[in-house]
Amino acid sequence: MISISTPSLKQTIYHALHECRLGTLKLIERIDRETLCAQPHPDFSPVGWHLGHIAFTEAYWLLEECAGHQPLYPEYRQLFTADGLPKNQRVQLPSLEFILEYLSLVRTQVIKYLETAPIETQERLWRFIVQHESQHGETIAIVLQLYRFEVQNSNYSLFSDVPMLSVSEVEIPAGQLTMGNQAIDAMDNERRLHSCYLDQYWIDTYPVTCGQYRQFIEAGGYHKAKWWSNDGWEWLKHNHYQQPLYWTDNPSLDNHPVCGVSWYEAEAYCNFVGKRLPTEAEWEKAASWDREAGKKRTYPWGEEPPTPENCNCNSLGKNITNQPLTTPVDRYYSGVSAAGVYDLLGNVWEWTSSNFMGYEGFEFYPYRGYSETYFDNQHKVLRGGSWITRPWAMRCSFRNWYYPHVREIFAGFRCARSNN
Ligand code: AVJ
Ligand code: FE
């Protein structure tokens, strides 16, 4: 039977769940038991835990809360719930076979439930579940990357090393910005839409590249307190880092964004060049504001969701080697924002100067611990997305957050400044 009508909401949700899951499974295609349970860094749970937690979260919200089912494996609730055990106690895991079975059992029941579920009134929750799995998929990729880095720090293959235009910046005139997002798929922390006035500022056309960052390293950046804040210098003294976590001193990557820096390193580099990090509002305005049209865009390039044409995202299953999966920062001309800024979504997450806080009128969804627990004036906001970020978790308004010392995530930054 040929149908040419637009897909129903149920089909759309079904398809997103399915696509999202294919990507999650692709990440762990050839995983072994050791890698499944390994915890290469204390801030990150093992891959197997994330998989169980994805299944648990989907079962809890859709099967228990919506469909009224009994818990599937009550004995695993404490292990796989978000607020159950400290991260270092998440290493005693059931077998891979069990975890995969758990994922598919939950999914089978979820799809059965979807047949009759009142989807119109539950759309937000279903979309949350897709984004939840998307985000844990990225964390799985980070854990795999860290583990393989430990196991075999192999050489990077060569990329072409044509020079690119040197640093350029875009002027953003003073004015009002409508910040945030109240679409059905917006997370609690993106809401509500609100107006925000920004003074004139300049923001870099590209994220800071490895080539630029090398100058900081070579100028003794990691040895001179003068570029660092007090907190940053304290942090550095305790850790003795000399370069970003995912640094490779390969000139053929000079046009790629620097990746694997903490917020403190980003801050120090900005001081070194006499600039600063953008606030999250400045980042969002440069990404979304279409001055001529007088409105904001969902994505820098417009309204079509991210594709490999517009940005470097969703590249799953390639994380088997230590090759950087970044691309040159000027690669995606079709992804440029209305203001003329490149490479905003995908490639690397970008640190901003802002602390993670709720917007005015914040209401948690679906649980306090998704965002509100982190409104502690300690976490910094990241914007944009990385090469591994799934398309459901990427838009101009999307907010990510981590402590300023975290450098294991796929994050870089871009610089901004206030006056000439
Ligand atoms: C937004 C990536 C910091 O992984 O802790 C997943 C996303 N929240 N499950 C995290 C999240 C609940 C969150 N980050
Ligand atoms: Fe979670």
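Everything numeric in this text was worked out from a predicted model, so none of it was measured. Every number for a ligand or one of its atoms is a count from 1 in the order of the listing.
- Judged by distance alone, the side chains of Ser386 and Glu138 do bring a donor and an acceptor atom under 3.5 Å apart.
- Aromatic ring pairs are classed by plane angle as parallel below 30°, tilted from 30° to 60° and perpendicular above 60°; the pair Phe216 and Tyr213 is perpendicular.
- Listed by first then second residue, pairs satisfying salt bridge (Lys or Arg N to Asp or Glu O under 4.0 Å) with a partner in residues 53-66 read Arg21-Glu58, Glu58-Arg107, Glu64-Arg77, not counting sequence neighbours.
- Closer than 2.8 Å to the Fe ion (ligand 2) sit the protein N, O or S atoms His53 NE2, His132 NE2, His136 NE2.
- Salt-bridge annotation for Arg417 and Glu169: present, with a side-chain N of the basic residue lying under 4.0 Å from a carboxylate O of the acidic one.
- Using cut-offs of 30° and 60° on the angle between ring planes, the pair Tyr73 and Tyr102 is perpendicular.
- Among residue pairs with one or both ends in residues 335-357, those qualifying as salt bridge (Lys or Arg N to Asp or Glu O under 4.0 Å) are Glu350-Arg414; sequence neighbours excluded.
- Taking a heavy-atom cut-off of under 4.0 Å, ligand 1 is surrounded by His132, Gln135, His136, Tyr367, Tyr370, Asn400, Trp401, Tyr402.
- Checked by atom type and distance alone, the side chain of Gln212 pairs as donor or acceptor with a backbone atom of Thr209 at under 3.5 Å.
- Here the side chain of His379 pairs no donor or acceptor atom with the backbone of Phe375 at under 3.5 angstrom.
- Ring geometry, Tyr299 versus Trp301: the interplanar angle falls under 30°, so the pair is classed parallel (tilted spans 30 to 60°).
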